[in-house]
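Report on the following structure.
All chains are named by letter (A, B, ...) in the order of the sequence lines, taking the proteins before the strands, and each is independently numbered beginning at 1.
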There are 2 protein chains.
Amino acid sequence: MTAASIAKDLRAAIRSGTYTPGDRLPSEAALMATYGVARMTARHGLSMLKDEGLTVTRHGSGVFVRAFEPIIRDTTGAPADDSTVTAEIDETGAGLTVRTLAVTAEADAPEKVRTALGLAEGDKVTVRERLHLRERKPVLFATSYLPASIAAGTPIAERDVGQGGTHARLADAGHAPVRFREDVVARMPSIEEIEELRIEPGTPVLAVTRTAFAADGTPVELSHVVLDAGEFMLRYDID
Amino acid sequence: MTAASIAKDLRAAIRSGTYTPGDRLPSEAALMATYGVARMTARHGLSMLKDEGLTVTRHGSGVFVRAFEPIIRDTTGAPADDSTVTAEIDETGAGLTVRTLAVTAEADAPEKVRTALGLAEGDKVTVRERLHLRERKPVLFATSYLPASIAAGTPIAERDVGQGGTHARLADAGHAPVRFREDVVARMPSIEEIEELRIEPGTPVLAVTRTAFAADGTPVELSHVVLDAGEFMLRYDID
DNA sequence: GAGTGGTCTAGACCACTTA
DNA sequence: AAGTGGTCTAGACCACTCT
């Protein structure tokens, strides 16, 4: 019970404000002395707090209370697009930059993508991958799939989609997206996501699957967006 | 590196389908033998998978690959309310039941609630707490705050709000909610949430703060909803 | 160099599950 | 009763940070 009780004490101290975000917690050695336990036990107590996302550990430096200052991602109406980031992310998102990682004009579509876009087997898709960074730290990774029958040959298949982003280009092509569906799931990140987004232990990700539909109901874009939940709050305004 | 490599091997095996949801992974003793490591090392490898939400452990029985079959919570237009649960939760949510835990006609409002509802210091709120269960397992905990000036004395302050839920009663009182804002955050659960929702290790929660506004823009209800992310997918339809 | 966290070993005892 | 995971001890060596 000792590891759990160490965690309990520290947790209470954090909640009560004895330790505030950024503060250093007692070291493993200090906890061993205070509680008279073996090192692995003190460690285990601390690791519980880490798993709860309450603390971050800095190797060689200490265990620190974590802060949460989320970027608000306001999805209402505003398309999530390369050149409209500042519109999409509200004022708290200042300092956000976008890096387009890869654009593939024609690629094979994974089964799930094909189904979501209503494509037949063998139909190609245009794929865009991008990364959002907040002060150098990657915070969001997005992959967009569009039917190549619509996107190939347009600026959507280029690195620079131009003013207004992919949605403006879709509109140019007569496929303006007018309705969106977002499916939101929270889960622990995969190893790849931990590396790509440099996610802290004890931090989940938000995985958003967004489908954009044209006026005739045709799906025109499918996006998989993975957000570091330690950095974001999703905001939805519903009428 | 060994604990990490054990985790890596098992993770790859799970992804490739060698182990499918529900399957038992090799025991700690088996991993000790296979990799020639101490027990704590094998354990650590397994605990990584648990922290990633890939597995669940059953004491005395084994470590099993986890499944994810989410309830879809479709928020579009449909109010999240006691008597409208079946409307709110789509067909995959069959088997969901609601338990109203507590109703307080007049309570002091926490500062954040007061601010969100635009109340003055000393103003009272009506508080409703409820728990949703899926086949006996609690999956969602919700607390609603309404200005007591509106709700006290109406069925909203009663255990049974009647047909149509609180939103219908708000409408009866001339405060029909017409606009909603939902702020969604994902994080690891607190100890209380782990106990209350019986959340598995390695599972985050979705914390939704929903504000309902009447036609004149007045906030009429603030709800804090905590969902077991191992059980839910949030769906938003946006025009 | 002193102090911090990261990893691993080898062994003990306990609690739960399954047959 | 045998097998499983849960917890703890006591000690080792390594890697990183701070001053």
Side-chain angles (χ1 to χ4, degrees), chain A residues 1-11 13-14 19 21-66 191 194-195 198-203, chain B residues 1-11 13-14 19 21-66 137 189 191 194-195 198-203:
Chain A
M1 269 297 296
T2 2
S5 58
I6 292 174
K8 190 175 158 190
D9 289 353
L10 294 175
R11 195 184 295 116
I14 292 171
Y19 302 106
D23 283 0
R24 217 198 73 183
L25 261 48
S27 70
E28 295 175 356
L31 293 173
M32 288 168 71
T34 310
Y35 289 87
V37 294
R39 186 166 166 224
M40 284 306 295
T41 307
R43 256 184 94 62
H44 190 199
L46 287 170
S47 90
M48 288 181 186
L49 301 180
K50 180 168 63 177
D51 290 345
E52 291 166 24
L54 283 178
T55 59
V56 291
T57 64
R58 290 208 280 272
H59 191 174
S61 174
V63 178
F64 299 83
V65 180
R66 190 161 165 180
I191 294 297
I194 287 175
E195 285 166 5
R198 287 198 246 122
I199 289 181
E200 298 282 355
T203 308
Chain B
M1 270 298 295
T2 1
S5 60
I6 291 173
K8 190 175 160 191
D9 289 353
L10 293 176
R11 194 184 296 115
I14 292 172
Y19 302 106
D23 283 0
R24 217 198 73 183
L25 262 49
S27 70
E28 296 174 355
L31 292 174
M32 288 167 72
T34 310
Y35 289 88
V37 294
R39 184 162 168 229
M40 285 306 295
T41 307
R43 258 184 90 64
H44 191 199
L46 287 170
S47 90
M48 288 180 186
L49 301 180
K50 180 168 63 177
D51 290 346
E52 291 166 25
L54 284 178
T55 58
V56 290
T57 64
R58 289 208 280 271
H59 192 173
S61 174
V63 177
F64 299 83
V65 179
R66 191 161 166 180
K137 188 205 166 293
I191 294 297
I194 288 174
E195 286 166 4
R198 286 198 246 122
I199 289 181
E200 298 282 356
T203 309

Report task. Would you say whether B:H59 stacks on D:dG6? The test is a distance between ring centres of less than 5.5 Å and an angle between planes of less than 30°. Result -> no
Query raised in the report: Which nucleotide, C:dC13, C:dT9, C:dG6, lies nearest any side-chain atom of B:V37?
Result: C:dT9
Query raised in the report: A:A38 has a side chain; which of D:dC8, D:dA12, D:dT9 sits nearest to it?
Result: D:dT9
Requested in this report: Rounded off to whole Å, could you give me the CG-to-P distance for the A:L49 and C:dG5 pair?
Outcome: 13 Å
Requested in this report: Would you check, one step at a time, whether the test side chain to side chain contact (heavy atoms under 4.5 Å, CB included) holds for B:I191 with A:E52?
Outcome: CA-CA 9 Å; B:I191 294 297; A:E52 291 166 24; 3.8 Å; yes
Report task. Evaluate side chain to side chain contact (heavy atoms under 4.5 Å, CB included) for B:L25 paired with B:L46, printing each intermediate quantity in order. Result -> CA-CA 9 Å; B:L25 262 49; B:L46 287 170; 4.3 Å; yes
Query - From A:R43 atom CZ to A:E28 atom CD, the distance as rounded to the nearest 0.5 Å - result: 4.5 Å
**Report entry** A:V63 vs B:G36, nearer the 5' end of DNA chain C by closest nucleotide
**Finding:** A:V63
Query raised in the report: Would you say D:dC8 has OP1 or OP2 under 4.0 Å from some side-chain N or O of A:T2?
Result: yes
**Report entry** Any residue of residues 51-58 of chain A with a heavy atom less than 4.0 Å from an atom of DNA chain D
**Finding:** none
Requested in this report: Give the rounded distance in Å between these two atoms: NE2 of A:H44 and P of D:dA10.
Outcome: 18 Å
Query raised in the report: Can you check the B:R39 CZ to C:dT7 C1' distance for me, whole Å?
Result: 17 Å
Requested in this report: Check the pair A:D9, A:Y35 against side chain to side chain contact (heavy atoms under 4.5 Å, CB included), reporting the backbone distance first and the verdict last.
Outcome: CA-CA 11 Å; A:D9 289 353; A:Y35 289 87; 2.6 Å; yes
Report summary line: Between A:T41 and A:G60, the residue closer to the 5' end of DNA chain D by nearest nucleotide is A:T41
Query raised in the report: Expressed in angstrom and rounded to an integer, what is the separation of A:E28 atom CD from C:dT7 atom P?
Result: 11 Å
Requested in this report: Name the closest nucleotide to the A:S27 side chain, picking from C:dC8, C:dA12, C:dT4.
Outcome: C:dT4
Report summary line: Atom CG of B:L46 and atom P of C:dT7 are separated, to the nearest Å, by 16 Å
Report task. For A:L31 and D:dC8, give me the distance from atom CG to atom C1', rounded to whole Å. Result -> 16 Å
Report task. Would you mind telling me which of D:dT4, C:dT7, D:dT7 lies closest to the side-chain atoms of A:M40? Result -> C:dT7
Query - side chain to side chain contact (heavy atoms under 4.5 Å, CB included) evaluation trace for B:T55 with B:I14 - result: CA-CA 10 Å; B:T55 58; B:I14 292 172; 4.1 Å; yes
Report summary line: So NE2 of B:H44 and CG of B:L49: to nearest 0.5 Å the spacing works out to 10.5 Å
Requested in this report: Grab the CZ-C1' distance between A:R43 and D:dC13 for me, whole Å please.
Outcome: 13 Å
Report task. Return the set of residues passing salt bridge (Lys or Arg N to Asp or Glu O under 4.0 Å) with A:R58 (not counting sequence neighbours), or none when no residue passes. Result -> none
**Report entry** Nearest-neighbour nucleotide for the B:S61 side chain, C:dT17, D:dG6, C:dG5 considered
**Finding:** C:dT17
Query raised in the report: Roughly, in whole Å, what's the span from NZ in B:K50 to P in D:dT7?
Result: 7 Å
